[in-house]
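Contents: one structure, followed by commentary.
The structure displayed is predicted, hence computed values, not measured ones. Order of the sequence lines fixes the chain letters, A, B, ..., with proteins taken first and strands second; residue numbering starts at 1 for each chain.
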Amino acid sequence: MIPHKESFEYLHTHRPRSRFLQISLTLALLGPAISWWIGNFSWSDLTHQRRIDNLRRFLDNIRPHPLRHQDWDWSIAWKWVLDFLTEPGLNATLSTLAISILAISFAALWGTILALPAAKTLTRASPFLPAGGSEGRWRHGAWNGLYLLTRFSLALLRSVPEYILAFLLLAMIGPGAWPAILALAIHNTGILGRLGAETIENLPPEPMASLRALGARRSTIITSAILPPALSRLILYFSVRWETCVREATVLGMLGITSLGFWISEARAHGQYDRLLLLVSLGSLLVLLGDLVSALVRSRMRQDLR
Amino acid sequence: MSLDSLQAPPSWGHKTTCLAILLLAAVASWFWLELSLTDVVPSRGGWLVARDFLSRALSPAWKSEAHYIPPGTPSLPWIALGAAAQTLLFAAAAMGLAIPLGGLLGFLASSAWWSDEMIGRRNKTARRFRQFLCPIIWTFARVQIALLRSIHEILWAILFLAALGLSPMAAVLAIALPFSGVLAKIYSELIDEAPRAQAHALRSAGASTPQIYLFGLVTPALPDMIAYTFYRFECAVRSSAVLGFFGFPTLGLYIRQSSASLNHGETWTYLYVLIATILLLEIWSGSVRRRLLS
């Protein structure tokens, strides 16, 4: 008997299925299990005597330095925190923030510029309109080549992690804030370029098509029909990526760049785990603050998109 | 329709404000960091390093460039592939912890599971529980997520390295903790934003609370959740590669070592293996996402 079209049997046997998805999900489920099996990871490693001794030393060391040989006293602890904030703490936090802001500004600028040739709907011989017979084959090829080249360069830009980029740039440019700014900017340009291109491709095509049919040039279409409607979403992406920039900027200092990370690696090298913990909490506060600002910007942008 | 509504200008207010603030902040940051454009230009020594390094971009090494190679060392491509495999292993092991932990925290932090709208008031104790205990659990989960997320995986790694010493578990936990926070945040948002029609239907059909939650709320959000998890795996691989810089046997360790001994050809080999791994993963997870969400 053929099951009825709306019966459970029919829906079950005719549900959409994809062999590729089945294999991918199986791999995704098995992957972690296999890695725990063949990898060198085990929980018992954590209860090893050596680890426990190490942990005890660490816990002794995170007690604020002036309080190490006496009872806990809030006023001394507070003074220690304040001293620390005035000496490297606050400066390093502000530098971290400044690095992230400059990085996202560069990335926003270049990401938006590169998003244009990376948008398939714009980068073709006859944008937004059905292809006419007048365009030659080489023109199609050239536009298509530009599109593919931009897409590939964006993929390359974002494929190297920021930390490794900063490490390589540091050897060339030397210490200072620039390696961190450039590393963050390069990586995020790759990401924002792709997101921007997808935003442009998903815009409703009618306004662009009618402008083009009236004989408008690409530059006119970009400034009047692409950037204004795409801007809300672009700013939304900027703020999302800025959040990660703040997170990464704290860490990039570990390569010798004057942000929080620099002092973190100093404290680590000297075994001053009390300062280490304070610096990590300072970084965490900065990240939470960044999240808050970015959430505010995003809610505003969502209002515009509605 | 009145003419006014047709002529309403597009709203530029929020957007211009945001961009203006960004610009001002960028200028302020420039002065705070005392930047100058001349500093971007490498010094003489920097130029030499840059030239030596960049000139090897198109000729990565196929053989080890070290002066002394201990007997029995596998050839360079094998080392690089082994390092890539280790990178994937660390990432997968961390995701194995982050997904269940993120799922649990995401469940506790989603507001749908205890909202009155979703769940029938069956008896007095259940109502009390929802009124008093649920907001506490919810707040606790939210704070937990924010704390886990706000500390970068490298900082977690440094804390674990200080507390435990160099153990592979330090890297796995360092990736797993912040990633479980991020996963929990996104899971809870996806569950809260998923369409509620199924849940309402199940509720009026008399389903129990766990049934409503599992089949009415989680199931509609599942494709998005899986798609996002795949994306996070990509990020985990990147993080796992970077954690190599702190002594774990992933690609970062080899990049740091070969770069420190100025074996630029080797550095490029490892970089290309890293880039290829990440691009392949991006293509894979991208096509999984497209198929899941179409």
Side-chain angles (χ1 to χ4, degrees), chain A residues 18 20-21 24-25 28 31-33 35-36 38-41 43 45-46 50-51 54-55 58 94-95 98-99 101-102 105 108 155-156 159-161 163-164 167-168 171-174 176-178 228 231-232 235 247-248 250-251 254 264 268 273 276 280 283-284 287-288 297 300-301 303-304, chain B residues 10-11 14-15 18-19 22-23 25-26 28-30 32-33 35 39-40 42-43 46 49-50 53 88-90 92-93 95-96 146-147 150-152 154-155 158-159 162-165 167-169 172 226 230 233 238 241-242 245 252 255-256 259 271 274-275 278-279 282 284 287-288 291-292:
Chain A
S18 140
F20 175 76
L21 272 185
S24 298
L25 290 181
S35 69
W36 277 92
I38 60 174
N40 200 7
F41 318 114
W43 289 103
D45 183 37
L46 296 182
R50 201 165 37 126
R51 301 271 176 246
N54 212 328
L55 186 63
F58 175 73
L94 282 174
S95 296
I99 288 173
I101 289 172
L102 277 173
S105 310
L156 273 190
S159 64
V160 184
Y163 193 86
I164 295 178
F167 174 77
L168 297 174
M172 298 184 215
I173 314 181
W178 275 114
L231 203 57
S232 297
I235 293 177
R247 273 167 60 85
E248 296 290 334
T250 42
V251 162
M254 307 207 56
I264 290 177
R268 184 183 173 224
Y273 294 141
L276 180 71
V280 169
S284 144
V287 170
L288 288 177
V297 171
R300 284 286 150 81
M301 289 302 120
Q303 279 171 21
D304 282 5
Chain B
S11 123
H14 294 323
K15 291 182 246 180
C18 281
L19 288 181
L22 180 62
L23 193 66
S29 304
W30 182 280
W32 172 262
L33 292 173
L35 291 181
D39 289 344
V40 202
S43 60
V49 175
F53 176 66
L88 291 175
L89 274 185
F90 273 89
M95 287 305 278
L147 285 181
S150 68
I151 298 177
H152 194 282
I154 291 179
L155 298 184
I158 285 172
L159 289 178
L164 301 171
S167 149
M169 284 303 284
V172 172
I226 294 175
F230 267 86
F233 177 62
R238 258 178 270 238
V242 168
F245 277 74
I255 291 176
R256 194 190 68 181
S259 177
L271 276 177
L274 175 66
I275 292 174
I278 287 173
L279 283 185
E282 203 181 296
W284 180 45
S287 51
V288 167
R291 271 162 228 236
L292 267 175

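In this structure, the portion of A/Leu21 lying under 4.5 Å from any heavy atom of chain B is its side chain and not its backbone. A/Arg247 touches chain B through backbone and side chain together, each having a heavy atom under 4.5 Å away. Both the backbone and the side chain of A/Ser95 come within contact range of chain B, each with at least one heavy atom under 4.5 Å from a heavy atom of that chain. Proximity to chain A is absent for every atom of B/Leu23, based on heavy atoms less than 4.5 angstrom apart. Of the atoms belonging to B/Leu88, not a single heavy atom falls under 4.5 Å from chain A. With a 4.5 Å cut-off on non-hydrogen atoms, A/Leu94 touches chain B through its backbone and its side chain both. Interface residue A/Leu156: only side-chain heavy atoms are found under 4.5 Å from chain B. Heavy-atom distances place no part of B/Phe233 under 4.5 Å from chain A, backbone and side chain included. Only the side chain of B/Val172 comes within contact range of chain A, judged by heavy atoms closer than 4.5 Å. Using a 4.5 Å cut-off between heavy atoms, B/Trp30 contacts chain A through both its backbone and its side chain. For B/Leu159, the parts lying near chain A are the backbone and the side chain together; criterion is any non-hydrogen pair under 4.5 Å. Residue contact with chain A, scored on non-hydrogen atoms closer than 4.5 Å, involves the backbone and the side chain of B/Leu89 alike. For a residue to count as touching a neighbouring chain, one of its non-hydrogen atoms must lie under 4.5 Å from one of that chain's; by this rule A/Phe167 touches chain B with the side chain only. When heavy atoms are compared at a cutoff of 4.5 Å, B/Leu33 approaches chain A solely by way of its side chain, counted from C-beta outward.
B/Ile278 approaches A/Ser159 most closely through the heavy-atom pair CD1-O, 3.3 Å. The two residues B/Ala93 and A/Trp36 make their nearest non-hydrogen contact at O-NE1, 3.0 Å. Pairing each heavy atom of B/Gly96 with each of A/Pro32, the nearest pair is CA-CB, 3.6 Å. The two atoms that bring A/Pro161 and B/Val242 nearest to each other are CB-CG2, 3.6 Å, heavy atoms only. Between B/Ala50 and A/Met172, the closest heavy-atom pair is CB-SD, 3.6 Å. Pairing each heavy atom of A/Ser284 with each of B/Ile151, the nearest pair is CB-CG1, 3.8 Å.
Your options are A/Thr250, A/Ile99, A/Leu168, and the one with the most heavy-atom pairs under 4.5 Å with chain B is A/Leu168. Of the listed residues B/Arg256, B/Glu282, B/Met95, the one with more heavy-atom pairs under 4.5 angstrom with chain A than any other is B/Glu282. Taking chain A as the reference chain and counting heavy-atom pairs below 4.5 Å, the highest number among B/Ala26, B/Ala25, B/Ser259 is found for B/Ala26. Each of B/Ala146, B/Ser287, B/Ala163, B/Ser29 has some count of heavy-atom pairs under 4.5 Å with chain A, and the biggest count is that of B/Ala163. Each of B/Pro168, B/Ala241, B/Gly252 has some count of heavy-atom pairs under 4.5 Å with chain A, and the biggest count is that of B/Pro168. Between chain B and the residues A/Ser18, A/Ala98, A/Gly176, A/Ala155, the largest count of heavy-atom pairs under 4.5 Å involves A/Ala98. When the candidates A/Ala171, A/Gly283, A/Gly174, A/Ala33 are compared by the number of heavy-atom contacts under 4.5 Å with chain B, A/Ala171 comes out ahead. Note on A/Val160, A/Ile173, A/Leu276: by heavy-atom pairs under 4.5 Å with chain B, the leading option is A/Ile173. Among B/Ile255, B/Leu279, B/Leu164, B/Val49, the residue with the largest count of heavy-atom pairs under 4.5 Å with chain A is B/Leu164.
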Discussion item. Could you go through A/Met301 and B/Cys18, starting from their C-alpha distance and side-chain angles, then the distance that decides it, and tell me whether this counts as side-chain contact (heavy atoms from CB on, under 4.5 Å)?
Written reply: CA-CA 9 Å; A/Met301 289 302 120; B/Cys18 281; 3.7 Å; yes

Practice prompt. Would you check, one step at a time, whether the test side-chain contact (heavy atoms from CB on, under 4.5 Å) holds for B/Leu19 with A/Leu231?
Written response: CA-CA 10 Å; B/Leu19 288 181; A/Leu231 203 57; 4.0 Å; yes

Worksheet item: Does the pair A/Leu102 and B/Leu35 meet the rule for a side-chain contact (heavy atoms from CB on, under 4.5 Å), with working shown?
Response: CA-CA 11 Å; A/Leu102 277 173; B/Leu35 291 181; 3.3 Å; yes

Worksheet entry | Audit row: A/Val280, B/Ile158, side-chain contact (heavy atoms from CB on, under 4.5 Å) steps and yes/no | CA-CA 10 Å; A/Val280 169; B/Ile158 285 172; over 6 Å; no

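Interatomic distance, CG of A/Leu25 versus CG of B/Leu292, reported as 6.0 Å (0.5 Å rounding). Atom CG of residue B/Leu274 and atom CD1 of residue A/Ile164 lie 5.0 Å apart, to the nearest 0.5 angstrom. With rounding to the nearest 0.5 angstrom, the OG atom of A/Ser105 is 4.0 Å from the CG atom of B/Leu22. The distance from the CG atom of B/Leu155 to the CD1 atom of A/Ile264 is 4.5 Å, given to the nearest 0.5 Å.
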